[in-house]
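Down below is the structure, laid out as structure tokens.
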Amino acid sequence: NSNALATLLYEQEAVQKRTFTKWINSHLAKHKPPFEVNDLFEDIKDGVKLLALLEVLSGQRLPCEQGRQIKRIHWVSNIGTALKFLEGRKSVYRGSPIKLVNINATDIADGRPSIVLGLIWTIILYFQIEELTSNLPALQALSSSASSVDSMASSETGSPPMKRKVMTKFQGNAKKALLRWVQSTATKRLGIEVKDFGVSWRSGVAFHSVIHAIRPELVDMDIVRKRSNRENLEEAFSVAENELGIPRLLDPEDVDVDKPDEKSIMTYVAQFLKHYPDPHQSETDGQQEEREDRKVLREVKIWLDQLERDLLRAQGSEESLTDKYQAFKSFRVQYEMRKKQIESLLQPVHRDGKLSVDQAVVKQAWDHVSVRLLDWHIHLDKSLPGPLGVIGAWLHRAELSLREDIPIQQAHEETANIIHRKLEQHMEVLKNLEGHRQTFQQIHRDRSVNGVPVPPEQLQDMAERFNFVSTSSHVHLIKFEFWEMKYRLMAFLMLAESKLKSWIIKYGRRDSVELLLHNYIAFIEGHKFFEQYETTFRTLKQAADSYLKSGDSAEEVEGVNKFLSDATAQWKNLSVEVRSVRSMLEEVICNWEKYSSTVASLQAWLEDAEKMLNQSESDKREFFRNLPHWIQQHMDMNDAGNFLIETCDETVSRELKQQLLLLNGRWRELFVKVKHYARADEVDKLRKDYDDGIEALKAFIDSANERMNTPVQVSFLNIRTYLQDVEDIKHKVPSMEAAYKTATRNAQQLTKDLTEEEIARMLATMATIKDEFSKVPERALPLLRDSQAMLPPLEEMEKHITGFYQSLEKASRITSSRDSEAPGDFKQKCQELVTYQQSCKKCLSVIDKNHQIILKSLDTSQKLKHLDTSLLERRITELQASSQGMVKETTEWKRHVEANSSLMKRFEESRVELEKVLKIARSSMTERGNPEDLLKKHTEFFGQLDQRVLNAFLKACDELSDILPEQEQQNLQETVRKLHKQWKDVQTEIPSHLLHLKVELEKSRLKASVQECQAELARENRSLPSMGSERLIKEHRMFFKEKGPQALCEKRLHHMEELRSKLPESEQARQTLENARMVFAEVREDIDSTHQKLMQHPDKWKEFNTRFSELSAWVTSKESQLRLLRNRAGDPSKFGQVKSTIEVRNKDEGNVSWLKTRLAALIEVCTESDTQRQGAALSKLSSDFKGLLTSLSEVVLAVSDCVQFREEVKTTLEELTQGQQELQSVTSKILNSESVREAQQLLLLHQQQLKRLRLKQKEMQEQINRGKQLQIEEGLEENLQEDLQKLDTTLSKMDQSTESQEKNLEVRMNLEVRMFKQVNTLLKRAAEIQLGPKNQSLLQDQARALSEQVDKVETGLKRE
């Protein structure tokens, strides 16, 4: 459970504390001067002993803040120096700086146990255990450098770059190395199994095996195996300390537990390794393993050389691109298979991180092969056809950007700038991603580039690589952004630490400290130091969130979160320390100010004081009266000076020490001579305190005597007050006794400073005060006792006196009333009077009893003679007289009430009846409800009201007045006057009340009519979208006609005004009528506005405006329509469409008639301005429409001739075209004729057709002339111009074609006739010439060749 775990942790912490303390002390003993740690957690807080320990371990001198008055800021500075020193050293195994995880200077300064133990363990691990184990010959392979060999091959593939860790042959650490040393040197030789530094050492056998390996004669292993754990452990620790010189860091009870502390045992075992690293001096296995490694390296070198030769051979072959890529893939597989083995072989084996000669040779060969493979891959991708080669080259650049490492610089700011530049370069490369992606996807779908096939395997590999680049680019950029902000924050924290170190120094003079404070303020406030951190960290946090969301491994997430938490913790400590710098600097400046001022003033005073020593005694006493002030100044000077000595540099401290030494010497010499004057103020103060004390004692004694002796009238309140005064005197006695003692003590202290006469006078005064003061408690105690005895009877007596007067008052209230009583009330009051009389008698009896007791007490008491009983006697006499008077009044009351009861009864009945009537009338005046019901009810009630009720009341009043005393008669007459006035007021208010009700009735009726009108208006506004304004206008006029609700409202308002004129002037009536007028005016205004709104609503004009717009649009475009009709009229096929269009437009005359009819209807439901405007527009449109129809009719007549002419032109053109085609056909036959005769016959036919064609041309010329005449007459230039131009063009082309054909035919006929004649003549002559066989054959060949040439010419002519 949690308690057991907490106990275990506490025990382990205690063991570590003891072990580490002993280990530290073993090293601090070597320091000069030697130190010793007693309480580890406390002694390490100031950092002094921590720096001393590091100096002993490292042999280096470290700066340290020391002194008696160093403060926490100096502690943190010392600890910070130690932590910086540790972080600056490199781990022997990793080669990287020592990491101090969650170890901060402030935590050490606070003495947090877990942090302190963690720091000491880090020092032990890196300074002793790693140093010792790394020097072991057999474990050299465990020493490795953090630098890794980055090969080109790891970055040339399309696969994602893998994160490689530095691998060693043992993949070990210091703990494994130390355990292996124990196993190889001691335990294995004796058959003892040691697996760890925990339970394996509990029995103590393992410790003995280590000692046995060093000196076998010291240990008998057989006996060891038989002993208990505690015995073995005690023996081992003692032998190791006494015989081997190993410090005793452990105790048996530390190890003989269920779970021994590993760190403590490792610390102790490392001492054996330190003193006896190689007990047996035997050859290690490391040398043999080194030889095996060299053999493996030579084999790898041979394989790499062969692979490079094969690569060159395959790269230079003349195979196809597909075959070459297959070969490349084959080599790549071999390369990847041997990659991990070669990288592990290339790990440095020397402590300095350098490679051996064999490793360097293999690395060079490996790099060559890597470069060859990469160059070949790039070349293969660039050799792809078209844009695919460009994409391949870009893909290599993108992959190089994604796997490019960041060179970590010494300065974090420079690293951040490099990352920023790399980030911009990567964004520049990746900005072409989308463009290349679209091109590549198209190529990947087609499997070819512009029809040229692409090696499928290479294309698929590129697709995978492209996908990797696409998916990784965003994450890569996010990662770079995070790294940039990370190093910027690290640079900021490093700057803060460097600044802090420059501020936490030994200070100089005041001006230098002020300059340092000025620089501090300028840096913190000028650079907005804390705001800059917040901005940087906020940006880093955003980048980190994006980085973590990109889906990295759990290890990456943990690393990022750890960095953020470490940075936050570091900043927390830094910010606290940076903020404390200002207070420290200000404190130093303040002490400089205090020191300077006190030194100057003290020096001046010392000079005056030294001169004053030669003056008179009175002068010296007066001068040295303020000596305590200068004592305080002297103390302030020394405090400020000592503070500055501790915080300032050595030169300033030395000067301050000398100055203080001189001033303190002068002060001591002077103070010895004048120190007795320092009591002058003290004596004055003692004298004043003595006098004040004596005055206070005298005042108390006088006050006490006065209070105790003052005469007091006997009553409960007076005696209680007197008793409180005496008790107050009693309570003050102890404080006065203390004041007397204080005055006595002050007097004793003053005796050595006073004269004999003053002392005698003081003693006499003290004796008098003491004598008088002692009498005060002697008198107070008997007075308290006797006074307290009198309080109970006085309290009871006072209580019954109060009861007597209460009963007397109640009885007086009954008897003072002279009104007639009802029989039941009279009887009840008589019983009450009897009860009150008995109560008064009982109270008098008790009062008299207590009175006797009090008188007896006063007679027997000797201390209460000053009490006066005259007041008590007078009160008792008054009580008795009051009792007798009550009996007499009771008798008179009974006689009077019995006589007046009957008349009073009659008077009360008539008064009640009158008040009831008046109350009903008054309530009627204020009753609220339905005005109509109230008017009916009140008219009936007030009509029945008469004088009988009033007359009965006045008669009863007259009868009662005769028997009542004069005072009561006045009250009765007052009652009658009030009731009579109320009756007259009611009679006066009845008419106006009824008129008010009538006004209210009319008002309610008016309100109902107004609500009816408002409801109708609301309905009309609500129905307007659905019903339309035209219908609503008719319903509105029907509803609000002359006898409708509006007229009814006017009638009721008029009636209200008539009733109002009959009422007296009042603000309420005037306001009611004004409200009614206002309501009616608002309703009338709403009626008019609603009617106007309906009249102006545009929905009535919707259909009218639609048809008007359609017709207006057509009329407005009449000119373009007329041009269109003329153009179409020129086309015979469209002439019917033109006529139908004109007929359709004629139908629009019906729209004009409808518009006129609709306008006449809308005049009744629309405003006059709208109807006038629409009427004027319709009149204009109607006249335009009529003019348009007239123009259209004229166009139809005009274009009919044009249509007929165009039909004739079309027929003529068709005949000309047909004749020309026939003429062309005859011409072609003539040119293709095989004989001259046939050609001549066809030529005659050609001439006949040509003659007919020329006749047609004359007819066409006549049509052209007629068309031009038609253009002028009908004004249709545009319609006929195209046809006339076509006719002219056709005639000109026909003339040219006919003329050309005639010339060609003439040339052909002439040429053909001459050529055939000549050829036939030559052939005949050749046959007649007599030649030899050889020449004859030659001549015939030439004739045939000539005949063939003629045929070719003839063929060419035919083609032409």
Determine, step by step, whether Tyr487 and Glu413 satisfy the side chain to side chain contact (heavy atoms under 4.5 Å, CB included) criterion, reporting the C-alpha distance in whole Å, the side-chain angles of both residues, the deciding distance to 0.1 Å, and the verdict.
CA-CA 7 Å; Tyr487 281 101; Glu413 186 67 27; over 6 Å; no
Quick one, Gln271 with His275, criterion side chain to side chain donor-acceptor pair (under 3.5 Å). Give me CA distance, side-chain angles, the key distance, then yes/no.
CA-CA 6 Å; Gln271 306 303 306; His275 291 83; 5.0 Å; no
Going by heavy atoms in the side chains, are [X] and [Y] under 4.5 Å from each other?
X: Lys329; Y: Gln458; answer: no
X: Val300; Y: Trp366; answer: no
X: Gln359; Y: Leu345; answer: no
X: Phe537; Y: Met485; answer: no

List for me each residue that meets side chain to side chain contact (heavy atoms under 4.5 Å, CB included) alongside [X], sequence neighbours excluded, and say none if there are none.
X: Leu423; value: Met427, Leu477, Phe480, Glu481, Glu484
X: Leu125; value: Trp121, Ile129, Ala174
X: Leu57; value: Trp23, His27, Leu53, Ile123, Phe127
X: His436; value: Val390, Ile391, Trp394, Asn432, Phe466

Inspect the contact between Asp566 and Lys562 and indicate whether a charged nitrogen and a carboxylate oxygen are less than 4.0 angstrom apart.
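Counted as a salt bridge, because a side-chain N and a carboxylate O are separated by less than 4.0 Å.
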Salt bridge present between Glu414 and Arg421 (N-O < 4.0 angstrom)
yes
Which residue pairs pass the salt bridge (Lys or Arg N to Asp or Glu O under 4.0 Å) test when at least one of the two sits in residues 434-447, sequence neighbours left out?
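The answer is Glu434-Arg437.
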With salt bridge (Lys or Arg N to Asp or Glu O under 4.0 Å) as the rule and sequence neighbours excluded, what pairs involving residues 376-394 come up?
Asp381-Arg465
Run the side-chain hydrogen bond (donor to acceptor under 3.5 Å, both in side chains) test against [X] and tell me which residues pass, sequence neighbours left out.
X: Arg338; value: Gln341
X: Lys486; value: none
X: Asp358; value: Arg294
X: Asn561; value: none

Show me the donor-acceptor pairs, under 3.5 Å and distance only, between side chains in residues 80-88 and residues at least two apart or in other chains.
from  : atom 1 : to     : atom 2 : distance (Å)
Thr81 : OG1    : Ser77  : O      : 2.9
Lys84 : NZ     : Glu497 : OE1    : 2.1

Partner residues of His379 under the ring pair (Phe, Tyr, Trp, His ring centres under 6.0 Å) criterion, sequence neighbours left out
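If we apply the ring pair (Phe, Tyr, Trp, His ring centres under 6.0 Å) test to His379, skipping adjacent residues, there are no hits.
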For the ring pair Phe272 and Tyr276, is the centre-to-centre distance below 6.0 Å?
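For Phe272 and Tyr276, the ring centres are not under 6.0 Å apart.
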Measure the acute angle between the ring planes of Tyr533 and Trp571, then classify it against the limits of 30° and 60° as parallel, tilted or perpendicular.
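Answer is parallel, since the angle falls under 30°.
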Rounded at 0.5 Å granularity, tell me how far CE in Met494 sits from NZ in Lys499.
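Spacing of CE (Met494) from NZ (Lys499) equals 15.0 Å.
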NE2/His426 to CD/Glu424 distance, rounded to the nearest 0.5 angstrom?
11.0 Å
Would you check if the side chain of Gln183 reaches a backbone N or O of Val194 as a donor-acceptor pair within less than 3.5 Å?
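Between the backbone of Val194 and the side chain of Gln183 there is a qualifying donor-acceptor contact (under 3.5 Å).
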Is a donor on one side and an acceptor on the other found under 3.5 Å between the side chain of Ser546 and the backbone of Gln542?
yes
